[in-house]
Amino acid sequence: MEKQNHSVVAEFILLGLTEFHELQIFFFFFFTIIYIAILLCNLIIILVVKLDPQLQSPMYFLLVNLSFIDMSLASFATPKMIGDLISKNKAISYEGCMAQIFFLHLLGGSEMMLLVAMAIDRLIAICKNYKNIMSHHICIRLALFSWTTGFVHSVSQMVFIVTLLFCGPNVVDSFFCDLPQVIKLACTDTYVSDLLVIAFSGLLSLFCFTFLFISYSIILITVHHHSSSGYSKAMSTLSTHITVVVLFFGPCLFIYIWPFSHVFIDKIFSVFYTIFTPLLNPIIYSFRNKDMKKAIIKIKSKNVSSRSAF
């Protein structure tokens, strides 16, 4: 049946990460473990922050939002990718493909702006009077702004891709649908579409990455001037944050801005920012935090005490 956008393609075929059977089996178990770890780590953060009254602060509110986005970002395509590794039918419906594109850019755009919001939170905490500026109400606004930015960004991408004509071929050389790969399959001239992808996705990534780099630089300079002893500690903490930022934004900038695309490299980068970054974020931003460690130990001790009481 012909679709509303006059496309004759009913489904797309996802080639996945590799065609080698042995690697497919290895990747199946490897990414299954990674995906479970992502869900567990981020759920622990959400539950610990909710259960511990001492963690009811703006910073941890933003961390909870980050954990929720990371779980969602890892879930929009990873379960299907894992299933496709042991399945002969690697097809995805047209509607499913469009949904993957929508949620990828919704969650990706939201996480970019949320990382910016977290950098603003840390910048105010170190350089300004934190209690007089930041509040739970302000954090809610920052979180809403992040989600709104992600939604507007995603809708802006979908507006022009759903109008494209797809009449074959329908093979996507990746493990999920994304704009650069799907646009290539359109039966019309995609020069304008390619420019729009760069304008909306590439520039958003570049703006957020530049803002984060400047923010972290200001934090390091401020700490260095005020306390030489605290500089090494801040440098250690921020270096891990910067590592996560580079791992998340680097692939995005390469995929959406770099003019010379290579399928194998694009796949590796896609794995980084949709699977490995959601795993690294809770480790970097939360589990290395002293207050979070204390809260986990306290909750664990309470559970052990309550069990021993019975």
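Source: prediction; values computed, not measured.
- For the atom pair CG (L43) and CG (L47), the distance works out to 6.0 Å, reported to the nearest 0.5 Å.
- For F276, the ring-ring contact (aromatic ring centres under 6.0 Å, His included) partners two or more places apart in sequence, or in a different chain, are F272.
- Counting only distance, with no hydrogens or angles, the side chain of Q181 and the backbone of V172 share no donor-acceptor pair below 3.5 Å.
- Here salt bridge (charged side-chain N to carboxylate O under 4.0 Å, His left out) pairs that include residues 64-82, with residues two or more places apart or in two chains, are K80-D84.
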Identify every side-chain donor-acceptor pair in residues 140-150 under 3.5 Å, counting partners at least two apart or on other chains, and give the distances.
| from | atom 1 | to | atom 2 | distance (Å) |
| --- | --- | --- | --- | --- |
| R141 | NE | H137 | NE2 | 3.3 |
| R141 | NH2 | H137 | NE2 | 3.4 |
| S146 | OG | L114 | N | 3.4 |
| S146 | OG | L142 | O | 2.9 |
| T148 | OG1 | L144 | O | 2.7 |
| T149 | OG1 | F145 | O | 2.7 |

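- The line from CZ of F68 to CD of E111 is 12.5 Å long, rounded to the nearest 0.5 Å.
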**Q.** side-chain contact (heavy atoms from CB on, under 4.5 Å) between Y60 and M292, worked out
**A.** CA-CA 9 Å; Y60 292 105; M292 181 65 73; 4.0 Å; yes

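- In this structure, A119 and I219 approach most closely via the heavy-atom pair O-CD1, 4.4 Å.
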Q) Are F28 and I82 close enough, and set up right, to give a side-chain contact (heavy atoms from CB on, under 4.5 Å), and what steps lead you there? A) CA-CA 6 Å; F28 171 79; I82 292 173; 3.5 Å; yes

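- Atom CZ of F61 and atom SG of C139 lie 7.0 Å apart (nearest 0.5 Å).
- Side-chain N or O atoms of S154 include one that pairs as donor or acceptor with a backbone N or O of F102 at under 3.5 Å.
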Q: List the steps and the verdict of side-chain contact (heavy atoms from CB on, under 4.5 Å) for V116 and F207.
A: CA-CA 10 Å; V116 169; F207 165 77; 5.6 Å; no

**Q.** CA sep, side-chain torsions, deciding dist, call: L66, I45, side-chain contact (heavy atoms from CB on, under 4.5 Å)
**A.** CA-CA 10 Å; L66 181 64; I45 292 171; over 6 Å; no

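- Residue Q56 qualifies as enclosed at atom CD: its count of foreign heavy atoms under 6.0 Å is above 12.
- Side-chain atoms of E11 do not come within 3.5 Å of backbone N or O of E95 as any donor-acceptor pair.
- Formation of a donor-acceptor pair under 3.5 Å by the K267 side chain with backbone atoms of G16 is found in this model.
- A side-chain donor-acceptor contact under 3.5 Å links T78 to the backbone of A74.
- The ring pair (Phe, Tyr, Trp, His ring centres under 6.0 Å) test with F27 is passed by exactly one of F30, F29, F31: F31.
- Using the six-membered ring where Trp is involved, F249 and F209 have ring planes that are tilted, between 30° and 60° apart.
- Between the OH atom in Y216 and the CG atom in L123 there is a gap of 10.5 Å [rounded to 0.5 Å].
- Counting only distance, with no hydrogens or angles, the side chain of D52 and the backbone of V48 share no donor-acceptor pair below 3.5 Å.
- Of the residues listed (V162, I161, L106), the one engaging I101 in a side chain to side chain contact (heavy atoms under 4.5 Å, CB included) is I161, and it is the only one.
- Atom-to-atom distance recorded for M112:CE and F211:CZ is 15.0 Å, nearest 0.5 angstrom.
- Distance check, rounded to the nearest 0.5 Å: CD1 of I33 to CD1 of I38 gives 12.0 Å.
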